[in-house]
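Computed from heavy atoms alone, side chains included, the values below leave out hydrogens, waters and symmetry copies.
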Amino acid sequence: MNEPSLDDLNQELAAIPPVSYPLEETPEAAFEHSVRMGQVAAICCEAFRRRGLHAVLVGGGVIEFVLPGAYTTPDIDLVVSRRSLQPPRPLVDAVFRDIGFSPNGARHWVRDGWFVEVPDWDITDPTTTVVVNGHELQMVLPEVVLIGRLVEFDQTGHTGHATQALLMLTVLDDIDEAALARLAAQERVEDFLAFFRELAASPQRPTIDDAFLRSKRDEILQERQRVAAERRAQREGGGQGAGTAG
């Protein structure tokens, strides 16, 4: 059985100007990169869809797409599955090959300076679909990425993730507050969300550098420990009181 042709998608990609890094440091260059990144991601999603695979944009590419010109990333991360299972590598390779990408390591493919990574196949996060130049681009909700950045900062102290979360809270206009609160509660980062939301709304921000972010992270983690210790003491005290009364 012949696979559906991807020649037209290959030609569409050929019409997108190549990208090189580092990018020119101008708002115009950043905006243009965001537009082209969305086009490349949407074409890749369409290519996988034609071959019976399912691709979802995740990670920094989502931030760049919803905040064009405000953030750029050199990687396009796509979670690719087949009937909710991990697809055979030859199928993934064939799609990339037929739209002009070459393998660049275990899970990276490259064409004209565009780097696409397939970090995983399993995804349970809520998604949304937008149309880019006639192609459907499916991506995880921006709120998922935002909370994911807070989780990474909580667990690893990576300040780059913290600044990305702050950028989203500052610039993104149509945040789904209910979804954001629900996701923060699921991941237990309500305290980090509250801090960065307050910081984003502050008319006079302090100097936000790595030292400042690490210091605030330490404060939040210490407060967690204090609250946890108080709750343990209350539970233990309540249990001892009940035992004495019996």
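One finds the CZ atom of Arg97 at 10.0 Å from the CG atom of Leu6 (value rounded to the nearest 0.5 Å). A distance of 8.5 Å separates CD1 in Ile208 from OG in Ser202, rounded to the nearest 0.5 Å. To the nearest 0.5 angstrom, Arg111 atom CZ is 15.0 Å from Asn104 atom CG. Between Asn133 atom CG and Gln39 atom CD the span is 5.0 Å, to the nearest 0.5 Å. For the atom pair NE2 of His161 and OG1 of Thr156, the computed distance is 6.5 Å after rounding to the nearest 0.5 Å. The CZ atom of Phe196 sits 8.5 Å away from atom OG1 of Thr163, with the distance rounded to the nearest 0.5 Å.
Hydrophobic cluster membership differs between Met37 and Phe31, with clusters built from Ile, Leu, Val, Met, Phe, Trp and Tyr side chains linked at under 4.5 angstrom. No chain of hydrophobic side-chain contacts below 4.5 Å, direct or via other Ile, Leu, Val, Met, Phe, Trp or Tyr residues, connects Met139 to Trp121. Under a hydrophobic clustering in which Ile, Leu, Val, Met, Phe, Trp and Tyr are joined whenever their side-chain heavy atoms come within less than 4.5 Å, directly or via other members, Val110 and Val80 fall into different clusters. In the hydrophobic clustering of ILVMFWY residues, with side-chain heavy atoms under 4.5 Å counting as a link, Leu23 and Val35 come out apart. Tracing side-chain contacts under 4.5 Å through hydrophobic residues (I, L, V, M, F, W, Y), one reaches Leu167 starting from Leu172; they form part of the same cluster.
Judged purely by atom type and a 3.5 angstrom limit, Glu143 has no side-chain atom pairing as donor or acceptor with the backbone of Leu180. With hydrogens and angles disregarded, no donor-acceptor distance shorter than 3.5 Å links the side chain of Asp75 to the backbone of Asp77. A donor-acceptor distance shorter than 3.5 angstrom exists from the side chain of Ser34 to the backbone of Gly69, with no hydrogens or angles considered. Arg205 places a side-chain N or O within donor-acceptor distance of the main-chain N or O of Leu199, the cut-off being under 3.5 Å. Remark: side-chain polar atoms of Thr159 are not paired, donor with acceptor, to backbone N or O of Ala162 under 3.5 angstrom. Side-chain atoms of Thr170 come within 3.5 Å of backbone N or O of Leu166 as a donor-acceptor pair. Without hydrogens or angle criteria, Arg82 side chain to Pro88 main chain gives no donor-acceptor distance under 3.5 Å.
At a threshold of 4.5 Å between non-hydrogen side-chain atoms, the residues Leu221 and Arg217 count as touching. The shortest side-chain heavy-atom distance between Leu78 and Val116 falls under the 4.5 Å cut-off. Contact annotation: the side chain of Val40 approaches that of Leu13 to within less than 4.5 Å [non-hydrogen atoms, C-beta and beyond]. Side-chain contact between His135 and Leu9: present, with at least one pair of heavy atoms (C-beta onward) separated by less than 4.5 Å. Put simply, the side chain of Ile63 reaches to within 4.5 Å of the side chain of Met168, judged on heavy atoms. Side chains of Leu57 and Val140 form no contact here, defined as non-hydrogen atoms less than 4.5 Å apart. The shortest distance between side-chain heavy atoms of Val144 and Pro126 falls below 4.5 Å. Between Leu91 and Val95, the closest side-chain pair of non-hydrogen atoms is not below 4.5 Å.
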ask   = Does the side-chain contact (heavy atoms from CB on, under 4.5 Å) test come out yes or no for Leu193 and Leu150, once each step is laid out?
value = CA-CA 7 Å; Leu193 176 59; Leu150 294 182; 3.9 Å; yes

Derivation and outcome, side-chain hydrogen bond (donor to acceptor under 3.5 Å, both in side chains), residues Thr129 and Glu136 = CA-CA 6 Å; Thr129 301; Glu136 290 187 354; 5.3 Å; no

query = Does the pair Val79 and Val118 meet the rule for a side-chain contact (heavy atoms from CB on, under 4.5 Å), with working shown?
reply = CA-CA 6 Å; Val79 171; Val118 179; over 6 Å; no

request  = Go through the steps for Leu146 and Leu169 under the test side-chain contact (heavy atoms from CB on, under 4.5 Å), then give the verdict.
outcome  = CA-CA 8 Å; Leu146 198 163; Leu169 287 169; 3.8 Å; yes

inquiry  = Before you tell me yes or no, could you show the steps for Arg197 and Glu177 under salt bridge (charged side-chain N to carboxylate O under 4.0 Å, His left out), namely the whole-Å CA-CA distance, both residues' side-chain angles and the distance that decides it to 0.1 Å?
reply    = CA-CA 11 Å; Arg197 183 178 293 285; Glu177 298 293 345; 2.9 Å; yes

request  = Just do the side-chain contact (heavy atoms from CB on, under 4.5 Å) check on Thr207 and Phe212 with the steps written out, would you?
outcome  = CA-CA 7 Å; Thr207 300; Phe212 171 81; over 6 Å; no

task = Check step by step if side-chain hydrogen bond (donor to acceptor under 3.5 Å, both in side chains) holds for Thr72 and Glu64.
result = CA-CA 5 Å; Thr72 58; Glu64 179 166 2; 5.4 Å; no

task = Decide yes or no on salt bridge (charged side-chain N to carboxylate O under 4.0 Å, His left out) for Glu230 and Arg226, but give the supporting numbers first.
result = CA-CA 6 Å; Glu230 282 188 358; Arg226 185 192 67 78; 2.5 Å; yes

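Other residues, nucleotides and ligands contribute at most 12 non-hydrogen atoms within 6.0 Å of the CD atom of Glu198. The local environment of CZ in Arg89 is crowded, with over 12 non-hydrogen atoms from other residues, nucleotides or ligands closer than 6.0 Å. In Glu25, the CD atom is not crowded: 12 or fewer heavy atoms of neighbouring residues, nucleotides or ligands sit closer than 6.0 Å.
Checked for salt-bridge contact, Arg149 and Glu152 miss the test: no charged N lies under 4.0 Å from a carboxylate O. Salt bridge annotation for Arg224-Glu219: absent, with no cationic side-chain nitrogen under 4.0 angstrom from a carboxylate oxygen. A salt bridge between Asp98 and Arg50 is absent, with no side-chain N of the basic residue lying under 4.0 Å from a carboxylate O of the acidic one. A salt bridge between Arg36 and Glu32 is present, with a side-chain N of the basic residue lying under 4.0 Å from a carboxylate O of the acidic one.
The heavy-atom pair separating Pro87 from Val92 by the smallest distance is CG-CG2, 3.7 Å. Annotation for Thr73 and Gly61: closest pair CG2-N, 3.8 Å, computed over non-hydrogen atoms. Closest approach of Ala42 and Val132 over heavy atoms only: CB-CB, 3.7 Å. Closest heavy-atom contact between Leu137 and Gly38: CD2-O, 4.3 Å.
Sequence neighbours left out, the pairs with a member in residues 40-82 that pass ring-ring contact (aromatic ring centres under 6.0 Å, His included) are Phe48-Phe96.
For His33, the ring pair (Phe, Tyr, Trp, His ring centres under 6.0 Å) partners are Tyr21, Trp114, not counting sequence neighbours.
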